[in-house]
S.K.: 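Here it is: the structure, laid out below.
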Amino acid sequence: METLTLVVLLIIAVLISAVIDQIVPKVSLPLIQVGMGIVIALIGAGVVNVELEPDLFLVLFIAPLLYLEAKDADKALLWRNKKPILSLAIGLVVATMLIIGFILNAIMPSIPLAAAFALGAALGPTDAVAVTSLSKQVSIPERQWGVLKGELLLNDASGIVSFQFAIAAVVTGSFSLLNAGVDFMIEFVGGLIVGIALGYLANFILRMIRDIGIESTTFHVLYEICIPFVVHMISSAMHVSGIIAVVVAGLVNVIAPRTVSPSIAHMNIVSTNVWNVISFTLNGLVFVMLGTQIPTSMLYTWEDRSVSNLMVIFLVIVTTFTLMAVRFIWCTAMEYIHVRKALNRSFKKSDVSNALLLTLCGAKGTITLSILFTIPIFIGSTATRFPERHLIIFIGCGVILCTLLIATFLVPLVAPKKVRQQTELEAKQNYYECLTDILRNVIEELTSQQTKNNRRATKAVIKAYQDRLESAKERIDADSDPNVELRLRTINWEREYTQRLLDEGAISEATGLNYLARLDRVEDLTKHTGRVISFKRVFFFVRIMFFRAKGRLSRLAPNSKAADKADQMRQLQMDTAQYVVMKLREAISDADVLTEDASKLLLQYETIISNLRKTATSVTTTIKISDESDDIMRIAYQIELEQIQRMYESDRISRAEAKNLRENVYLMQMDLEDRF
């Protein structure tokens, strides 16, 4: 039960961190998640205790994360920047391991040289999530970004392999540079060969399964999720690097079929969504767990009389400084060689800035913490504890925090910020261009999910989205929307007319109250404000729920009058729209409003009336088509909301624009659910 409670707390912390990240975008998500972990550890002191078996932790967290990074990597970009990437991923990792190891052992002799090397190797890999979160706030040059992305992928493997050799040296008590080099090459090359072989074997098995007629999306996604775990376990059993094998299997990425069809497109969509959830969850859990370890490690080390607290802080500062200094010198030399040989020009101040940017972006996080967690508590089968394990983990945690703080607050000072300098017209055009892309993506996904059974309903929904797409294209060059005040006046006119019909008994109470509730929600969305809670509203809401429940039950009855009720609602919408048209024309003639604003709204209401008249020609047919397409439309709205979120996360639209787009979808969802 305690384990279940801990897992639930960690997942809740990850979810809360995602919300905080939207509210405070200038603080990186990993830093927020670390803070959430610290809060959990402090609140649950004596109860929260994160202890995982090292090998299990490596397979459970590292294997799928590395596989996903390799799977999504731009292979062409990696090849184009192969020299600097290999330089950072292998050369810098080894240099960092050796220099930090010697310096740390010299300052603190109680930490064996091999154990100090292990810490240096663990601090070699750069965290992907931390760097990606930086790209949302600053503009990283294309070459530097490409090098960073390649380093993020490959230095994980080299750091983990180096770490494993260092730990083996501590456990066995002996270390030979020659033997370690030979073993490293065997593990590296062996992992490379096994990864390629297992990747293609997985593809061959999947093709055979498809040949016998199994095209289940669920099977395909589960099969792909199992690949990194199976590859890692088989490679480890063959005594080659499981990490390198997983990375190679991801780079080969032969799981996705090369043919294109709606079913394959649907599989890819589902696979991407599942992997996004897995990646976010695993990365979040590891950072939250980092936060939970900090108080424990700090308390244990703080109370350890063999090491003074000032010395512990000094070790964290020295290790962080050494890490950054080595990286800066390496990156500067790498940039110098690139400028002199590839670009054939003199070394400039801007090149030093690029090297500094590469240095500061080298934040440590997920992989480093995961590696540190795999340090065994005891050496082999003996009762001898691993020397200074808690101190090493504490130093590693401190360095991670320092690098995250440096990346979050110093990188924006070095790299140019992403500032949107757009005129009002440019901002409007960008808004509608993004909207057209969103609608296109929804249409593509609906098309890929179309089957023989749902073709008719799907086509009806796609037609509706195509109409919206054409409208959005026209709006790119159109003027701005009518003012909000006039929109609110038209809503009040609709409310006024509906209330009059209710008082006269011209419409049923259920239809009238349902439409008034809809107008209230439209008004809230138009104002971009929440709904004010009052006794009158609560009573009104209860009455609405009663009539809606009654209407839904009537649809289940044998003699359902759903078509009549739909016709009543449609007629009410037409009558209120005609009333608004009359009021707008009066306002124009009295010069009470701006003619251009009133004309645009007038055109919109006349279009609504025209569309309602067309659909009223055959109510029975409309109801039948609506019943078939409602579920498809709900799926479409959900896809649209996901596309809006992706646009926001990729920084193509602002938070206000994303909010506006979401509210438009909510309004359409509201219309869908309000049908009788």
Side-chain angles (χ1 to χ4, degrees), residues 54 58 62 86-127 151-152 154-177 180-181 183-184 187-188 241 243 290 297 301 307 311-331 359 362-376 386-404 406:
L58 187 64
I62 302 305
L86 290 174
S87 172
L88 291 175
I90 298 178
L92 179 59
V93 169
V94 174
T96 301
M97 176 186 69
L98 295 175
I99 294 174
I100 287 181
F102 282 118
I103 292 178
L104 193 60
N105 174 255
I107 297 175
M108 181 64 63
S110 61
I111 300 178
L113 185 60
F117 284 157
L119 176 60
L123 293 174
T126 303
D127 186 73
E151 180 195 7
L152 298 176
L154 298 181
N155 67 2
D156 295 341
S158 57
I160 291 173
V161 172
S162 301
F163 172 84
Q164 290 172 338
F165 279 116
I167 292 297
V170 176
V171 173
T172 60
S174 61
F175 180 79
S176 169
L177 184 60
D183 292 340
F184 179 87
E187 286 220 12
F188 187 90
S241 174
I243 296 300
L290 164 61
S297 300
T301 308
V307 183
M311 175 58 72
V312 173
I313 296 174
F314 176 73
L315 289 174
V316 172
I317 295 174
V318 168
T319 305
T320 304
F321 177 80
T322 303
L323 180 70
M324 288 297 177
V326 172
R327 183 175 177 87
F328 177 69
I329 294 172
W330 193 281
C331 291
T359 301
K364 312 303 172 184
T366 307
I367 302 300
T368 296
L369 178 64
S370 304
I371 295 173
L372 291 174
F373 277 168
T374 63
I375 296 178
F386 192 94
E388 303 291 358
R389 181 179 185 270
H390 285 282
L391 179 59
I392 291 173
I393 293 177
F394 177 71
I395 294 174
C397 291
V399 173
I400 291 173
L401 280 178
C402 290
T403 56
L404 286 174
I406 290 171

S.K.: Rounded to the nearest 0.5 Å, how far apart are CG of L391 and CG of L104?
M.R.: 7.5 Å
S.K.: Which residues satisfy the side-chain contact (heavy atoms from CB on, under 4.5 Å) test with I107, sequence neighbours excluded?
M.R.: I103, M311, F314, L315, V318
S.K.: Would you please name every residue forming a side chain to side chain donor-acceptor pair (under 3.5 Å) with T322, sequence neighbours left out?
M.R.: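 If we apply the side chain to side chain donor-acceptor pair (under 3.5 Å) test to T322, skipping adjacent residues, there are no hits.
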S.K.: With sequence neighbours left out, write down each residue that passes salt bridge (Lys or Arg N to Asp or Glu O under 4.0 Å) with E388, or none if nothing qualifies.
M.R.: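 So E388 forms no salt bridge (Lys or Arg N to Asp or Glu O under 4.0 Å) with any residue.
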S.K.: Which residues pass the side-chain contact (heavy atoms from CB on, under 4.5 Å) test with A115, sequence neighbours left out?
M.R.: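 If we apply the side-chain contact (heavy atoms from CB on, under 4.5 Å) test to A115, skipping adjacent residues, the hits are I111, P112, V170, F386, I392.
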S.K.: Sequence neighbours excluded, which residues qualify as ring-ring contact (aromatic ring centres under 6.0 Å, His included) partners of F102?
M.R.: F117
S.K.: For residues L372 and A122, report the shortest heavy-atom separation together with the two atoms involved.
M.R.: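 Reported closest heavy-atom pair: CD2-CB, 3.9 Å.
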S.K.: Taking all non-hydrogen atoms of both residues into account, name the closest pair between A114 and A169 and its distance.
M.R.: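 In this case the closest contact between A114 and A169 is CB-CB, 3.8 Å.
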S.K.: At their closest point, which heavy atom of G362 faces which heavy atom of T126, and how far apart are they?
M.R.: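 Nearest pair, atom of G362 first, then T126: CA-CG2, 3.6 Å.
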S.K.: Is any side-chain heavy atom of T374 less than 4.5 Å from a side-chain heavy atom of I167?
M.R.: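 With C-beta onward as the side chain, the pair stays apart.
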S.K.: So, the side chain of T403 versus the backbone of K364: is there a donor-acceptor pair under 3.5 Å, distance only?
M.R.: yes
S.K.: With sequence neighbours excluded, what pairs up with I329 under the side-chain contact (heavy atoms from CB on, under 4.5 Å) test?
M.R.: none
S.K.: When rounded to the nearest 0.5 angstrom, what is the spacing between SG in C331 and CE in M324?
M.R.: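 Taking SG in C331 and CE in M324, the distance rounds to 10.0 Å.
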S.K.: Would you compute the distance between atom CG of L323 and atom CD1 of I99 and round it to the nearest 0.5 angstrom?
M.R.: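 Here the interatomic distance stands at 10.5 Å.
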S.K.: Quick check: closest heavy atoms across A116 and G101, and the distance to 0.1 Å?
M.R.: CB-O, 3.3 Å
S.K.: Please give me the minimum heavy-atom distance between I375 and R389, naming the atom from each residue.
M.R.: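 Reported closest heavy-atom pair: O-NE, 2.8 Å.
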S.K.: What pair of heavy atoms forms the shortest contact from I371 to P125, and how long is it?
M.R.: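 So the two residues come closest at CD1-CG, 4.2 Å.
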S.K.: Is T368 reaching over with its side chain to a backbone N or O of L123, donor-acceptor style, under 3.5 angstrom?
M.R.: no
S.K.: Could you give the side-chain donor-acceptor pairs of residues 91-98 under 3.5 Å, partners two or more places apart or in another chain?
M.R.:
{"from": "T96", "atom 1": "OG1", "to": "L92", "atom 2": "O", "distance (Å)": "2.7"}

S.K.: Taking side-chain contact (heavy atoms from CB on, under 4.5 Å) as the definition, give me every residue that meets it alongside T320, ordered by chain and number, with sequence neighbours left out.
M.R.: V316, V399, C402, I406
